[in-house]
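Below: one structure, written as structure tokens.
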Amino acid sequence: MTGIQELLLSRIRDVADHPEPGVVFKDITPLLADPAAFTALTDALADVAERTGATKVVGLEARGFILGAPVALRSGLGFVPVRKAGKLPGATLGQAYDLEYGSAEIEVHAEDLRADDRVLIVDDVLATGGTAEAAVQLIRRAGAQVAGLAVLMELGFLDGRARLEPALAGAPLEALLTV
């Protein structure tokens with residue numbers, strides 16, 4: 001484990017039985033409250049943006065906004081939010097996806113993405129991969145290319161990587177931590 005990984009992991013708090021009994025929630029708010037850890041995280045994700053040749057960063061609601069916006073700023077790139085359906089004003093492009101118990105939809109302002117954009121998707125956690133897979137599909141439907149997906153933490157036991165790799169079609173999936 002690298003020094004950055006140790007720092008990041010030391011600032012993530014486990015919260016038992018949240019949001020329901022039997023679940024151990026990985027709380028990143030202590031990491032965000034620590035300027036050294038938050039800076040290290042931003043720098044590491046900005047490095048991914050540079051290595052992938054990204055021209056824009058997409059952040060997935062909601063913690064992907066918190067992580068993706070400073071990465072875009074640090075990298076000199078534009079930031080595009082992908083939101084839950086009904087949250088963006090004006091014309092949007094949507095993508096529905098299945099959840100464990102039901103379905104959801106995410107949206108983007110399609111005019112914020114162009115055919116020559118290479119988009120790095122940023123989020124806090126890769127769990128089952130449903131939201132990230134929908135974001136990949138949405139970005140491609142908007143006409144842009146997917147440069148990759150970068151997350152702070154991958155929950156390996158949920159096997160989201162296996163679900164996502166076919167959708168990514170060779171674009172890298174980088175997790176700074178795997179738990």
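Computed from heavy atoms alone, side chains included, the values below leave out hydrogens, waters and symmetry copies.
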From OG1 (Thr42) to CG (Leu73), nearest 0.5 Å: 9.5 Å

Short side-chain donor-acceptor distance under 3.5 Å, Thr55 and Asp117: yes

Val136 vs Leu168 side-chain heavy atoms within contact, under 4.5 Å: yes

Glu50 atom CD: more than 12 heavy-atom contacts under 6.0 Å: no

Reported OG1-to-CD distance for the pair Thr92 and Glu111, which is rounded to 0.5 angstrom: 9.5 Å

Side-chain touch Phe38/Leu8, heavy atoms, less than 4.5 angstrom: no

For Ala110 against Leu93, the heavy-atom pair lying closest together: CB-CB, 4.2 Å

Side-chain (Gln5) to main-chain (Leu176) donor-acceptor, under 3.5 angstrom: yes

Criterion side-chain contact (heavy atoms from CB on, under 4.5 Å) on Leu7 and Thr2, from CA distance to verdict: CA-CA 9 Å; Leu7 173 62; Thr2 68; over 6 Å; no

Among Val119, Val58, Val82, the one residue meeting side-chain contact (heavy atoms from CB on, under 4.5 Å) with Val108: Val82

Under 3.5 Å: donor-acceptor pair, side chain of Lys87, backbone of Ile106: no

Hydrophobic cluster of Val15, others only, ordered by chain and residue number, side-chain cut-off 4.5 Å: Phe25

Side chain Arg141, main chain Gly94, donor-acceptor under 3.5 Å: yes

Short side-chain donor-acceptor distance under 3.5 Å, Thr131 and Tyr97: yes

Distance-minimising heavy-atom pair for Arg11 and Ala37: CG-CB, 3.8 Å

Hydrophobic cluster membership, Val57 vs Leu113, 4.5 Å side-chain cutoff: no

Salt-bridge criterion met for Arg83 and Glu61 (N-O under 4.0 Å): yes

Least distance between heavy atoms, Leu60 atom then Ala135 atom: CD2-CB, 3.6 Å

Check: Asp124 side chain, Gly64 main-chain N or O, donor-acceptor pair, under 3.5 Å: no

Any donor-acceptor pair under 3.5 Å from Thr52 side chain to Ala49 backbone: yes

Distance (rounded to the nearest 0.5 Å) between Arg118 CZ and Ile139 CD1: 12.0 Å

N-O pairing of Asp123 and Arg63 below 4.0 Å: no

Cluster check Ile12, Leu126: I/L/V/M/F/W/Y, side chain < 4.5 angstrom: no

Any side-chain heavy-atom pair of Met153 and Ile28 under 4.5 Å: yes

Contact check, side chains of Asp17 and Val23, non-hydrogen atoms, under 4.5 Å: no

Worked verdict on Val122 versus Phe79 for side-chain contact (heavy atoms from CB on, under 4.5 Å): CA-CA 10 Å; Val122 173; Phe79 176 77; over 6 Å; no

Joint hydrophobic cluster, Val151 plus Leu9, side-chain heavy atoms closer than 4.5 Å: no

Closest heavy-atom pair and its distance - Ala72, Gly78: CB-O, 3.8 Å

4.5 Å side-chain heavy-atom contact, Leu155 and Val179: yes

Steps toward side-chain contact (heavy atoms from CB on, under 4.5 Å) verdict (Arg114, Lys56): CA-CA 10 Å; Arg114 298 185 317 262; Lys56 294 240 172 93; 3.8 Å; yes

Salt-bridge contact Arg163-Glu133 (side-chain N to carboxylate O under 4.0 Å): yes

Carboxylate-amine/guanidinium proximity below 4.0 Å for Arg51 and Asp47: yes

Leu88 reachable from Val80 in the ILVMFWY side-chain graph, under 4.5 Å edges: no

Distance in Å, Thr29 OG1 paired with Asp34 CG, rounded so as to fall on 0.5 Å steps: 11.5 Å

Cluster link Val146 to Leu164, ILVMFWY, side chain under 4.5 Å: yes

Nearest-0.5 Å distance, CD of residue Glu174 to CG of residue Leu149: 9.5 Å

Point-to-point distance, once rounded to the nearest 0.5 Å, from CG of Leu120 to CG of Leu45: 7.5 Å

Salt bridge Arg161-Glu154, side-chain N to carboxylate O under 4.0 Å: yes

ring-ring contact (aromatic ring centres under 6.0 Å, His included): pairs with one or both residues in residues 107-145, sequence neighbours excluded: none

Pairwise side-chain contact, Asp14 with Asp27, heavy-atom cut-off 4.5 Å (strictly under): no

